[in-house]
Protein chains: 2
Amino acid sequence: MSAREAGRPWRVLVIDDEPIMAAAHADFVARVPGFECVAVAGSGQEGLRELDAQSAAGTPVDLVLLDMNLPDLHGLDVARRIRGRGSTVDIIAITAVRDLAVVRTAVSAGITQYLIKPFTFAMFAAKLEGFDRFHSSLTAGAATQDSIDSAFAALRPQTSAALPKGLIRETLEQIADLLQSDAAAGRGSRSATEVAEALDMSRVTARRYLEHLSASGQAGRRPRHGTRGRPEFEYAWAAAD
Amino acid sequence: MSAREAGRPWRVLVIDDEPIMAAAHADFVARVPGFECVAVAGSGQEGLRELDAQSAAGTPVDLVLLDMNLPDLHGLDVARRIRGRGSTVDIIAITAVRDLAVVRTAVSAGITQYLIKPFTFAMFAAKLEGFDRFHSSLTAGAATQDSIDSAFAALRPQTSAALPKGLIRETLEQIADLLQSDAAAGRGSRSATEVAEALDMSRVTARRYLEHLSASGQAGRRPRHGTRGRPEFEYAWAAAD
DNA sequence: GCGCACGTGAACAGTATGAACTCAAGGAGT
DNA sequence: ACTCCTTGAGTTCATACTGTTCACGTGCGC
């Protein structure tokens with residue numbers, strides 16, 4: 001049961017400094033039934049003003065989609081200021097930042113969901129629907145441990161994103177993790193053969209997954225020249241955003 | 001892998017005005033492996049002081065068990081003040097209050113888990129283990145959407161104690177015990193077929209239960225590469241304890 | 001005693017893997 | 001400048017495990 005079936009849609013504020021991304025997010029919001037994008041802000045300050053303005057107008061925002069990477073304030077600061085004003089509005093972080101400290105801090109600032117760019121519409125919609133289910137579960141009468149548990153369970157990310165056939169989530173994670181830790185350690189890139197050896201799998205398999213990462217823009221691929229023979233391709237984790 | 005196996009235990013502060021309840025909670029904490037109750041506070045102010053004192057002493061608190069019903073301050077106010085000081089310590093609400101507004105506000109104050117009195121030790125331990133899994137998942141390298149999703153999943157209750165249909169508690173315990181003793185013996189992981197043979201059941205059944213453990217975050221699953229043919233999955237106990 | 005609900009496992013279709021192969025691309029030698 | 005030669009890219013396919021379906025006990029309620 002969606003709480004919005006019979007009522008007004010959830011009012012969403014998008015905060016993102018890149019107009020193209022902001023528009024894309026607003027468009028995504030509009031495509032999810034029961035949600036409505038009521039405003040777009042291009043900076044943290046503007047977001048806070050917009051939040052106040054909507055409240056003053058008697059149409060408070062229910063949900064904020066907050067980019068972490070803003071020109072004036074860090075997203076975490078925006079979240080803290082929102083809380084500092086006593087607002088309990090829900091916040092979903094949308095960001096390319098992969099820093100674990102940011103994730104932990106976000107959680108402590110009452111950010112209930114965390115979405116890393118790039119993402120598909122399905123992944124996006126899943127977060128919004130989780131928000132909807134969470135609040136729907138909390139509308140009825142008194143709280144029991146069960147009702148609270150099932151409400152919190154709505155915020156639980158469901159094992160997402162259908163992979164193309166022939167790929168296994170765990171294997172993809174292994175390879176993505178390897179590339180990411182390489183990138184974090186400044187280690188440069190690896191060829192399919194090197195990845196295969198490092199993870200104890202065949203070159204064919206490593207290549208299949210690397211090719212997927214490359215095709216989906218998560219990894220870059222360039223030929224390694226200078227040696228004899230056909231040039232080897234080397235793969236590296238794509239820079240965030 | 002539990003983060004606490006090789007390091008110090010998680011440091012827990014209990015805030016509850018009733019001495020009997022406070023002592024009971026402290027006792028429960030001590031009974032969960034990897035957790036240690038470092039202080040008990042009988043009021044909100046005392047809790048805040050204790051939090052500061054521990055930080056000043058270089059032994060910051062990792063987790064606060066916070067009663068909502070305190071004599072001096074409401075638990076929500078305590079949480080807000082903790083956040084106001086810039087602390088990102090984790091907070092689990094423990095309360096008899098069944099007010100839904102409190103639950104919603106608690107979430108916005110960065111309270112990640114909510115436990116309603118009265119509760120059993122198993123329910124209590126589940127929350128603490130969720131906290132442990134959340135932080136263990138966030139220790140490694142850079143974040144991916146997958147790693148963040150599985151970390152957040154650790155904070156969300158698997159929909160109540162009711163097992164999914166088709167599963168029986170005794171069988172689940174058998175399999176969980178096997179994986180746990182494997183982990184304790186440093187034996188590495190087992191495939192569904194190996195578990196089935198060890199416990200004299202069919203692979204299909206073993207898989208059903210292993211899949212449940214994996215989906216609920218209690219067990220990890222990785223493909224076993226290197227041989228021809230479709231890879232076998234091997235399961236290993238993941239949760240604390 | 002009869003039916004109904006439910007957990008189990010045999011059988012089967014589906015699918016990810018790596019060995020072995022062919023093909024492609026660049027440098028080295030003349 | 002042309003060919004040779006080296007070396008990895010990309011593909012094919014047998015293979016082994018996965019994931020699902022469905023008929024069969026088994027126990028419980030009526």
Side-chain angles (χ1 to χ4, degrees), chain A residues 158-179 188-216 218-236, chain B residues 146 158-179 188-216 219-236:
Chain A
Q158 44 269 45
T159 335
S160 57
L163 269 66
K165 281 204 172 166
L167 301 191
I168 280 180
R169 167 171 310 283
E170 285 81 358
T171 309
L172 184 61
E173 277 172 36
Q174 271 187 334
I175 293 186
D177 284 352
L178 181 70
L179 290 187
S189 13
R190 298 205 197 214
S191 73
T193 310
E194 287 159 2
V195 169
E197 275 172 12
L199 296 178
D200 197 36
M201 62 179 65
S202 79
R203 177 186 62 85
V204 179
T205 301
R207 197 191 77 83
R208 263 198 284 264
Y209 286 89
L210 288 167
E211 212 50 46
H212 168 74
L213 289 173
S214 165
S216 66
Q218 295 173 265
R221 189 181 94 145
R222 26 182 273 234
R224 186 187 284 173
H225 286 276
T227 60
R228 298 187 70 181
R230 177 171 180 164
E232 206 175 7
F233 283 109
E234 56 179 27
Y235 299 82
Chain B
D146 278 331
Q158 42 263 17
T159 325
S160 85
L163 269 65
K165 280 203 172 172
L167 300 192
I168 246 176
R169 175 165 305 282
E170 286 78 4
T171 312
L172 183 61
E173 278 168 11
Q174 240 187 331
I175 293 186
D177 283 351
L178 181 69
L179 289 186
S189 19
R190 299 206 197 213
S191 74
T193 312
E194 287 160 5
V195 169
E197 276 171 11
L199 296 178
D200 196 35
M201 61 179 65
S202 81
R203 179 188 63 85
V204 180
T205 302
R207 197 194 78 82
R208 262 197 285 265
Y209 288 89
L210 288 168
E211 212 50 44
H212 168 73
L213 289 172
S214 162
S216 65
R221 190 182 91 145
R222 354 182 351 191
R224 192 181 280 176
H225 282 121
T227 61
R228 289 190 87 188
R230 178 169 179 163
E232 201 174 12
F233 282 112
E234 54 180 28
Y235 299 83

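All chains are named by letter (A, B, ...) in the order of the sequence lines, taking the proteins before the strands, and each is independently numbered beginning at 1.
For the pair B/T205 and C/dG9, the criterion of a side-chain N or O lying under 4.0 Å from OP1 or OP2 is met. The side chain of A/Y209 places no N or O atom within less than 4.0 Å of a non-bridging phosphate oxygen (OP1 or OP2) of C/dA16. Between A/R207 and D/dT11, a side-chain N or O to OP1/OP2 separation shorter than 4.0 Å is present.
Distances from the side chain of A/R221 to the nucleotides D/dA9, C/dT17, D/dG10 place D/dG10 closest. Listed candidates were D/dA9, C/dG7, C/dT17. Nearest to the side chain of A/R203 is D/dA9. If you check C/dT15, D/dG19, D/dG10 against the side chain of A/F233, the one that comes closest is D/dG10.
Atom OH of A/Y235 is separated from atom C1' of D/dG8 by 11 Å (rounded to the nearest Å). For the pair A/E211 CD and D/dG8 C1', the interatomic distance rounds to 14 Å; values are reported in whole Å. Atom pair A/K165:NZ and C/dA13:C1' shows a separation of 11 Å (rounding to whole Å applied). Atom CD in B/E197 sits about 15 Å away from atom C1' in C/dG9, given to the nearest Å. Atom CG of B/D200 and atom C1' of C/dG9 are 12 Å apart (whole Å). Between B/L199 atom CG and C/dG7 atom P the separation is 18 Å, expressed in whole Å. In this entry the distance linking CZ of A/R190 with P of D/dG8 reads 16 Å, nearest Å. Protein atom CD of A/E194 is 15 Å distant from nucleotide atom P of D/dT7, rounded to whole Å.
With rounding to the nearest 0.5 angstrom, the CZ atom of A/R208 is 13.0 Å from the CG atom of A/L172. Remark: A/E173 CD to A/I168 CD1 distance equals 11.5 Å, nearest 0.5 Å.
Toward the 5' end of DNA chain C, the nearer of the two residues A/S202 and B/T171, judged by each one's closest nucleotide, is B/T171. Heavy-atom nearest nucleotides on DNA chain C were determined for A/G166 and for B/M201, and the one closer to the 5' end corresponds to B/M201. Summary of the strand contacts: B/E232 and A/E232 both lie near DNA chain D, and taking for each the nucleotide with the nearest heavy atom, the more 5' one is attributed to A/E232.
Side chains of A/H225 and A/E232 form no contact here, defined as non-hydrogen atoms less than 4.5 Å apart.
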Sequence neighbours left out, cut at 3.5 Å: what donor-acceptor pairs do the side chains of residues 192-201 of chain A make with other protein atoms?
unit_1, atom_1, unit_2, atom_2, d
A/E194, OE1, A/S191, N, 3.0
A/E194, OE2, A/R224, NH1, 3.1

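One finds a salt bridge joining A/E234 and A/R222 here, because a Lys/Arg side-chain nitrogen approaches an Asp/Glu carboxylate oxygen to under 4.0 Å.
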Protein proximity profile, nucleotides 24-30 of chain C - base contact B, sugar-phosphate-only contact S, no contact -, cut-off 4.0 Å on heavy atoms: BBBSS--
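Here B/R224 lies out of heavy-atom contact (under 4.0 Å) with every strand.
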Check against side-chain contact (heavy atoms from CB on, under 4.5 Å), A/F233 and A/R207: CA-CA 10 Å; A/F233 283 109; A/R207 197 191 77 83; over 6 Å; no
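With 3.5 Å as the limit, one finds no donor-acceptor pair spanning the side chains of B/Y209 and B/Q174.
Between the side chain of B/S214 and the backbone N or O of B/L210, no donor-acceptor pair lies under 3.5 Å.
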